[in-house]
Amino acid sequence: MGFFDKIKEGLRKTKESAQNNVNAVLATFRKVDEEMLSELEDSLILADLGAELAMTTVDELRERSRLKNLQDADAIRAELCDILCEKMQPNNGLVLETRPSVILVVGVNGVGKTTSIGKLGQKLTGEGKKVLFAAADTFRAAAADQLAIWADRCGADLVRHAEGADPSAVIFDAISAAKARGCDVVICDTAGRLHNKKNLMNELAKMNRVIDRELPGASKETLLVIDATTGQNGIAQADSFNEACTLSGIILTKLDGTAKGGIVINISSRLGVPVKYIGVGETADDLLEFEPEEFVRAFFE
Ligand SMILES: Nc1nc2c(ncn2[C@@H]2O[C@H](COP(=O)(O)OP(=O)(O)OP(=O)(O)O)[C@@H](O)[C@H]2O)c(=O)[nH]1
Ligand SMILES: [Mg+2]
């Protein structure tokens with residue numbers, strides 16, 4: 001399946017949803033008037049674009065369709081795509097320039113951190129990189145086992161400690177091992193933590209200090225994993241995590257499980273942090289590098 005088709009397949013629920021009638025509004029399009037614009041705004045909100053973004057988008061569409069004298073549905077759709085693309089953060093991919101580089105993966109419980117690390121490991125080893133997983137989720141007994149399965153699958157190394165160990169100590173050991181073995185990338189799995197639990201957020205800050213101390217000047221990506229099915233709460237999660245550990249990117253998972261795929265556009269435009277990957281399923285191939293233009297095109301096709 002091609003890249004574009006995979007996004008479309010991942011958006012199947014969104015596109016089939018009776019609620020997402022953006023295309024239905026355009027299909028019955030006759031002229032740009034207030035009734036049509038307000039229907040369009042409603043359908044954008046229902047697709048989880050967020051009220052604010054839906055409003056500013058429709059305001060711009062009203063203005064531009066007047067200026068450019070847009071008369072047909074295709075022209076309106078193209079203009080709508082352009083407006084949304086302009087609002088989204090461009091994705092320049094991961095910056096992994098030093099050896100080793102570090103990717104720290106954070107997020108609330110069950111959003112898909114460990115799975116996304118497995119998928120990312122697969123991608124990077126596939127590019128010929130030597131990858132090491134750090135099992136810094138020492139909170140759940142099965143967490144390191146789950147990561148070990150992914151490590152086996154993609155040929156990554158694994159550093160783990162016993163349950164209950166200090167996660168920062170795991171990261172310290174993983175970095176030492178990566179230096180000794182000449183690894184290209186260390187990917188750190190962390191325990192799920194609620195964004196409003198102060199002590200857990202402090203623990204995250206400590207892990208970051210260990211990385212900065214042991215690898216000064218190294219490339220470091222701090223990726224927040226957000227579950228697309230949680231909708232608008234993802235914005236609040238991003239704001240809190242960003243305070244604790246300056247995020248460099250977002251992985252938005254479970255897009256295949258939601259009828260509200262517009263959350264991607266919302267998150268990509270609302271946060272000052274780019275969406276770098278989207279998850280569209282549970283297998284190793286189901287992590288796609290996020291391309292705003294392709295995504296918006298798939299969304300409206
Ligand atoms: N459909 C779908 N399922 C996903 C996706 N990403 C992850 N999952 C599933 O979500 C569930 C939780 O994934 P984990 O990777 O264990 O999540 P986690 O954030 O590591 O969870 P904790 O470590 O408990 O905080 C698993 O059943 C995954 O298979 C996705 O993109 N699509
Ligand atoms: Mg996990």
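Both counts, for ligands and for their atoms, begin at 1 and track the order of listing. These numbers were taken from a predicted model, which means no experiment stands behind them.
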Which bit of Val280 is near ligand 1, meaning a heavy atom under 4.0 Å away: side chain, backbone, both or neither?
backbone
Tell me which part of Arg193 gets within contact of ligand 1: side chain, backbone, both or neither, using heavy atoms under 4.0 Å.
neither
Any heavy-atom pair between the side chains of [Y] and [X] that's under 4.5 Å?
X: Val275; Y: Gln89; result: no
X: Met88; Y: Phe290; result: yes
X: Ile117; Y: Leu147; result: yes
X: Leu223; Y: Ser248; result: yes
X: Asn91; Y: Glu291; result: no
X: Leu271; Y: Leu247; result: no

To the closest 0.5 Å, what do you measure between NZ (Lys87) and OG1 (Thr56)?
3.5 Å
Within Gln146, is some N, O or S atom less than 2.8 Å away from the Mg ion (ligand 2)?
no
What's the shortest distance from [atom] to any protein heavy atom, and which residue and atom give it?
atom: atom 15 (O) of ligand 1; answer: Thr115 OG1, 2.5 Å
atom: atom 16 (O) of ligand 1; answer: Gln146 NE2, 3.0 Å
atom: atom 17 (O) of ligand 1; answer: Gly112 N, 3.0 Å

Answer yes or no for [X]: is there a heavy-atom contact with ligand 1 below 4.0 Å?
X: Gly110; answer: yes
X: Gly281; answer: yes
X: Asp256; answer: yes

Scan side-chain atoms only and decide if Thr229 and Asp227 contain a donor-acceptor pair under the 3.5 Å cut-off.
yes
Only heavy atoms of [X], strictly under 4.0 Å: list the atoms of ligand 1 that pass.
X: Asp137; result: 23 (O)
X: Asn109; result: 25 (O)
X: Gly192; result: 25 (O)
X: Gly279; result: 31 (O)

Could you tell me whether some N/O pair between [X] and ligand 1 is separated by less than 3.5 angstrom?
X: Ser116; value: no
X: Ala191; value: no
X: Thr114; value: yes
X: Glu282; value: yes

When you measure from the side chain of Asp286 to the backbone N and O of Glu282, does any donor-acceptor pair fall under 3.5 Å?
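A pair under 3.5 Å: yes.
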Look only at the side chain of Ser269 and the backbone of Asn266, and say whether a donor-acceptor pair between them is shorter than 3.5 Å.
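Indeed, once roles are kept as given, a pair shorter than 3.5 Å links the two residues.
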Atom CD of Glu52 with >12 non-hydrogen neighbours under 6.0 angstrom
no
If you take the nearest heavy atom of each of Lys113, Arg140, Lys254, which one is closest to atom 4 (C) of ligand 1?
Lys254
